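Presented below is the structure to which this report refers.
All of these numbers come straight from a predicted model, not from anything done at the bench. Along the sequence shown, residues carry numbers from 1. Basis for what follows: all heavy atoms, side chains included, without hydrogens, waters or symmetry-related copies.
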Amino acid sequence: MMRVLVVLFGMSCLLLADDEVKQKVQVTHTEKVDFPSGGQLRLRNPIGEVTVEGWDRPDVEITTIKSTEDAYPSRDREKASHELDKVRISVAPQGGELVITTEYPHHRRLAPASLLGTSFDVEYRIKAPMNARLAVDHATGEVHVYNLASDIHATVSSGTITLNLPQEGVYDIDAKSEVGEVVSDFPGHGKRTRWMLGHQLVQGTSAPHKLYLRVGFGDIILFKIQKPQSNWTQAR
């Protein structure tokens, strides 16, 4: 009888372990750094989703969220957290630029979720001066920009680029998707490309700010930020 009870107890422990709620492991880091006046913010080798928002402060705030693609029981979360530590994100001034660089071991055990369907993902939430120039060269993921009013250079091999820009802005636009659409609130000359699968929008002007946007597979969307009407205007 005692042997039967031991076996039953062992089986119940296994069932409880199987019933444990699994969770993804997430590591969040925020830092504020000085930004050179009239400088450029550059992201090297980003992974996942990049969001850059313009604000009225002279410094830059960078929040990175690293997370596992898979969920883990409590006994394995510390090990998974150590694996996320191998994804290194550094911030350093280089000349007139502030450079955010992402590095990670190139093997299957620790690879971007967007590439292999496993392991990890990164989200970047960045606040920068509104007049900061931006350069992002992305492999697979998304780039979202809100309320910047200067030059923007953004490329994505597979994913989406979305810009929300001040409605009074005038831009020299060169936006092209090899397979996808370019949708814009700003004027420009559009044409189909690559056997009608792609789309390009060009607005060549003497505007002081240039938008160079490229997507291999995916869409490019340019919105005007609509300012709310004043109460006096609404009353009329």
Side-chain angles (χ1 to χ4, degrees), residues 27-66 84-104 112 121-157 159-176 184 186 202-215 220-225 227:
V27 177
T28 301
H29 176 74
T30 298
E31 62 179 305
K32 292 183 179 180
V33 295
D34 294 333
F35 188 75
S37 178
Q40 178 165 264
L41 177 67
R42 181 180 295 275
L43 279 82
R44 288 180 177 164
N45 198 33
I47 302 162
E49 184 174 342
V50 176
T51 301
V52 181
E53 179 182 353
W55 64 356
D56 58 359
R57 292 181 48 167
D59 56 348
V60 173
E61 181 183 88
I62 304 162
T63 298
T64 56
I65 304 170
K66 299 185 289 186
L84 286 178
D85 289 340
K86 296 178 182 178
V87 182
R88 301 184 182 276
I89 302 172
S90 61
V91 181
Q94 295 183 12
E97 293 187 331
L98 183 68
V99 182
I100 303 171
T101 304
T102 304
E103 299 176 297
Y104 58 92
D121 199 1
V122 182
E123 182 179 353
Y124 308 75
R125 299 176 183 175
I126 302 169
K127 295 181 179 179
M130 289 180 58
N131 64 347
R133 292 175 288 121
L134 176 66
V136 184
D137 290 309
H138 205 337
T140 302
E142 300 180 1
V143 175
H144 306 293
V145 180
Y146 182 82
N147 204 32
L148 287 187
S150 191
D151 297 351
I152 298 174
H153 172 111
T155 66
V156 176
S157 296
T160 303
I161 296 175
T162 304
L163 306 186
N164 292 267
L165 305 176
Q167 64 177 349
E168 66 274 12
V170 180
Y171 303 94
D172 183 335
I173 303 173
D174 184 358
K176 182 179 180 181
S184 176
F186 295 90
V202 176
Q203 176 63 15
T205 68
S206 57
H209 303 307
K210 299 183 182 299
L211 307 179
Y212 179 87
L213 313 171
R214 290 290 187 274
V215 170
I220 299 172
I221 304 171
L222 290 81
F223 292 119
K224 288 184 178 181
I225 301 174
K227 291 185 177 180

Determine whether Leu213 and Leu222 satisfy the following criterion, side chain to side chain contact (heavy atoms under 4.5 Å, CB included), listing intermediate values before the conclusion.
CA-CA 10 Å; Leu213 313 171; Leu222 290 81; 4.1 Å; yes
If I compare all heavy atoms of [X] with all of [Y], which pair ends up nearest, and what's the gap?
{"X": "Pro208", "Y": "Asp151", "value": "O-OD1, 3.6 Å"}
{"X": "Asn164", "Y": "Ile225", "value": "O-CD1, 3.3 Å"}
{"X": "Pro129", "Y": "Pro58", "value": "CG-O, 3.5 Å"}
{"X": "Ala154", "Y": "Ile161", "value": "O-CD1, 3.5 Å"}
{"X": "Gly96", "Y": "Pro36", "value": "O-CG, 3.6 Å"}

Side-chain contact, heavy-atom cut-off 4.5 Å: [X] with [Y]?
{"X": "Thr64", "Y": "Ile100", "result": "no"}
{"X": "Thr162", "Y": "Phe223", "result": "yes"}
{"X": "Met130", "Y": "Asn147", "result": "yes"}
{"X": "Val215", "Y": "Thr160", "result": "no"}
{"X": "Val27", "Y": "Val87", "result": "no"}

Please name the residue in the list [options] that meets the side-chain contact (heavy atoms from CB on, under 4.5 Å) test with [X].
{"X": "Leu163", "options": "Leu148, Leu134, Val145", "result": "Val145"}
{"X": "Tyr124", "options": "Val143, Val50, Ile62", "result": "Val50"}
{"X": "Thr63", "options": "Glu31, Arg125, Glu123, His29", "result": "Arg125"}

Could you give the distance from [atom1] ([X]) to [atom2] ([Y]), rounded to the nearest 0.5 Å?
{"X": "Leu165", "Y": "Ser184", "atom1": "CG", "atom2": "OG", "value": "9.0 Å"}
{"X": "His138", "Y": "Glu49", "atom1": "NE2", "atom2": "CD", "value": "8.5 Å"}
{"X": "Glu97", "Y": "Arg133", "atom1": "CD", "atom2": "CZ", "value": "7.5 Å"}
{"X": "Asn45", "Y": "Ile89", "atom1": "CG", "atom2": "CD1", "value": "10.0 Å"}
{"X": "Lys66", "Y": "Arg88", "atom1": "NZ", "atom2": "CZ", "value": "8.0 Å"}
{"X": "Gln40", "Y": "Phe35", "atom1": "CD", "atom2": "CZ", "value": "8.0 Å"}

Using the test ring pair (Phe, Tyr, Trp, His ring centres under 6.0 Å), find all partners of Tyr171 that sit at least two apart in sequence or belong to another chain.
Phe186
What pairs meet the side-chain hydrogen bond (donor to acceptor under 3.5 Å, both in side chains) rule with one or both residues in residues 53-62, with sequence neighbours excluded?
Arg57-Asp59
Donor-acceptor pair, side chain of Asp172 and main chain of Ala207, under 3.5 angstrom:
no
Kindly write out the residues that satisfy salt bridge (charged side-chain N to carboxylate O under 4.0 Å, His left out) with Arg214, not counting sequence neighbours, or none if the list is empty.
Asp174
Take Thr155 and Asp137 through the test side-chain hydrogen bond (donor to acceptor under 3.5 Å, both in side chains) and record every step on the way to the result.
CA-CA 5 Å; Thr155 66; Asp137 290 309; 2.6 Å; yes
Show, in sequence, the C-alpha distance, side-chain angles and deciding distance for Leu43 and Ile126, and conclude whether the side chain to side chain contact (heavy atoms under 4.5 Å, CB included) test is met.
CA-CA 11 Å; Leu43 279 82; Ile126 302 169; 4.0 Å; yes
